[in-house]
Amino acid sequence: MYTRSSLFVFLLGLTIGVIWIQAGTQQPITETCLVCMCQALSGCNDTAVCVNGACGIFRITWDQWVDSGRFTIEGDSPLTESSFTNCANDPICAANTLQSYMVKYGQDCNDDETEDCYDYGAIHYMGPFNCKADMPYSYESVFRRCLRDALRAEKRQKAN
Ligand SMILES: *[C@@H]1O[C@H](CO)[C@@H](O)[C@H](O)[C@H]1NC(C)=O
């Protein structure tokens with residue numbers, strides 16, 4: 001289970017990295033941040049699923065999808081209902097949706113004078129107008145641990 005999800009995260013990272021280089025558009029959320037968001041939200045389980053209307057590895061909602069500009073996977077129309085679930089269940093389309101959402105709503109929620117991953121995690125989970133509230137413990141603990149581990153891994157890599 002762990003190995004499968006690590007492999008997936010690695011592949012997701014690779015693909016998103018390639019897309020970033022190609023797109024050249026505003027991408028405020030780092031790759032590490034995207035991975036930690038999906039870890040906290042779904043364990044990065046890429047089985048196509050909606051939970052209370054929130055779909056895919058990032059548990060994106062219809063409202064977020066519309067607000068972000070209705071990204072679609074290739075061949076889908078932005079006007080079709082199923083395009084939302086198709087996009088939310090596609091890691092790249094879902095990541096692009098979140099990027100666009102944060103371009104629009106990114107802000108310093110925790111008043112630490114930077115707009116970073118903690119803010120994006122809060123905005124995505126609690127909404128742009130409620131992002132100063134405390135994150136639910138179960139979400140926050142996985143999210144923070146993931147970011148801490150990623151930071152350690154980066155430091156180890158630099159040291160080598
Ligand atoms: C992924 O999610 C599906 C659907 O919710 C579930 O059936 C499956 O057991 C999950 N896989 C893992 C590895 O947790």
Side-chain angles (χ1 to χ4, degrees), residues 5 8-112 114-144 146-147 150:
S5 118
F8 175 70
V9 166
F10 174 68
L11 291 176
L12 174 74
L14 277 187
T15 333
I16 290 173
V18 170
I19 299 282
W20 274 347
I21 292 163
Q22 289 172 345
T25 50
Q26 258 185 298
Q27 311 270 341
I29 316 173
T30 64
E31 195 177 310
T32 299
C33 184
L34 281 174
V35 167
C36 289
M37 282 171 93
C38 88
Q39 280 290 356
L41 291 159
S42 69
C44 296
N45 183 337
D46 61 337
T47 307
V49 68
C50 297
V51 180
N52 298 324
C55 305
I57 55 168
F58 298 115
R59 299 290 190 258
I60 287 172
T61 64
W62 165 267
D63 286 349
Q64 285 180 313
W65 181 71
V66 170
D67 234 5
S68 307
R70 294 173 180 257
F71 282 76
T72 59
I73 60 169
E74 211 168 313
D76 267 1
S77 151
L79 302 175
T80 319
E81 190 95 5
S82 61
S83 297
F84 156 60
T85 43
N86 289 345
C87 177
N89 282 316
D90 177 79
I92 303 303
C93 195
N96 286 336
T97 300
L98 277 187
Q99 295 287 11
S100 169
Y101 195 78
M102 294 312 162
V103 168
K104 196 168 174 183
Y105 290 115
Q107 58 187 292
D108 175 18
C109 299
N110 57 1
D111 296 320
D112 66 353
T114 52
E115 183 189 309
D116 60 16
C117 189
Y118 292 104
D119 301 309
Y120 299 142
I123 293 164
H124 178 45
Y125 200 94
M126 299 182 293
F129 308 109
N130 189 39
C131 73
K132 286 180 191 294
D134 290 332
M135 293 186 216
Y137 178 76
S138 56
Y139 173 69
E140 185 174 15
S141 58
V142 177
F143 187 53
R144 284 189 180 270
C146 175
L147 287 174

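We're numbering straight along the sequence, starting at 1. Computed from a predicted model, the values in this text were never measured in an experiment.
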Checklist entry - How close do G56 and S42 get, heavy atom to heavy atom, and via which atoms? => result O-CB, 4.4 Å

Checklist entry - For Y139, what residues pass the ring-ring contact (aromatic ring centres under 6.0 Å, His included) criterion, not counting sequence neighbours? => result Y125, F143

Item to check | Non-hydrogen side-chain atoms of T72 and S77 separated by less than 4.5 Å | outcome: no

Next on the checklist: So N52 and R59, do their side chains get closer than 4.5 Å, heavy atoms only?
Outcome noted: no

Checklist entry - Distance-only, no hydrogens or angles: does the T30 side chain make a donor-acceptor pair with backbone N or O of C33 under 3.5 Å? => result yes

Checklist entry - According to the disulfide (SG to SG under 2.5 Å) rule, which pairs have a member within residues 66-102, sequence neighbours left out? => result C87-C93

Next on the checklist: Between Y118 and L147, is there a side-chain heavy-atom distance shorter than 4.5 Å?
Outcome noted: yes

Item to check | Nearest atoms (heavy-atom pairs only) where A88 meets A94 | outcome: O-CB, 3.6 Å

Checklist outcome for this item: dist N110:CG -> C131:SG (nearest 0.5 Å) comes out at 8.5 Å

Checklist entry - Mind checking whether C55 and W65 have side chains closer than 4.5 Å, heavy atoms only? => result no

Next on the checklist: Less than 2.5 angstrom apart at the SG atoms, yes or no, for C36 and C117?
Outcome noted: no

Item to check | Heavy-atom side-chain proximity of L34 to L98 below 4.5 angstrom | outcome: yes

Checklist entry - Looking at Q39 and C146, what are the two nearest heavy atoms and their distance? => result CG-SG, 4.1 Å

Checklist entry - What pairs meet the salt bridge (Lys or Arg N to Asp or Glu O under 4.0 Å) rule with one or both residues in residues 87-105, with sequence neighbours excluded? => result D67-K104

Checklist entry - For the residue pair A54 and T61, what are the closest heavy atoms and their distance? => result CB-CG2, 4.1 Å

Next on the checklist: Within the structure provided, determine whether Q26 and Q99 are in side-chain contact (heavy-atom separation under 4.5 Å).
Outcome noted: no

Next on the checklist: Could you check whether any side-chain heavy atom of V103 comes within less than 4.5 Å of a side-chain heavy atom of P28, counting everything from C-beta outward?
Outcome noted: yes

Next on the checklist: Do Y120 and Y101 have side chains that approach each other closer than 4.5 Å (heavy atoms only, starting at C-beta)?
Outcome noted: no

Item to check | For F71, all residues meeting ring-ring contact (aromatic ring centres under 6.0 Å, His included), sequence neighbours excluded | outcome: none

Checklist entry - Taking only residues two or more places apart in sequence or in another chain, which ones pass side chain to side chain contact (heavy atoms under 4.5 Å, CB included) with S141? => result Y137

Checklist entry - Quick one: salt bridge (Lys or Arg N to Asp or Glu O under 4.0 Å) pairs with a partner in residues 114-141, sequence neighbours left out? => result D111-K132, E140-R144

Checklist entry - Does Q64 offer a backbone N or O that forms a donor-acceptor pair with the side chain of S68 under 3.5 Å? => result yes

Checklist entry - Do T114 and D112 get their side chains close enough for a donor-acceptor pair, meaning under 3.5 Å? => result yes

Checklist outcome for this item: Residues passing the side-chain hydrogen bond (donor to acceptor under 3.5 Å, both in side chains) test with N89, sequence neighbours excluded, are none

Checklist entry - So T97 and F58, side chain to side chain contact (heavy atoms under 4.5 Å, CB included) or not? Walk me through it. => result CA-CA 10 Å; T97 300; F58 298 115; over 6 Å; no

Checklist outcome for this item: Output for pair (W62 CH2, C50 SG), nearest 0.5 Å, gives 12.0 Å

Next on the checklist: Between H124 (side chain only) and M102 (backbone N and O only), is there a donor and an acceptor less than 3.5 Å apart?
Outcome noted: no

Checklist entry - Do any pairs count as a salt bridge (Lys or Arg N to Asp or Glu O under 4.0 Å) and have a residue in residues 72-82, sequence neighbours left out, and if so which ones? => result none

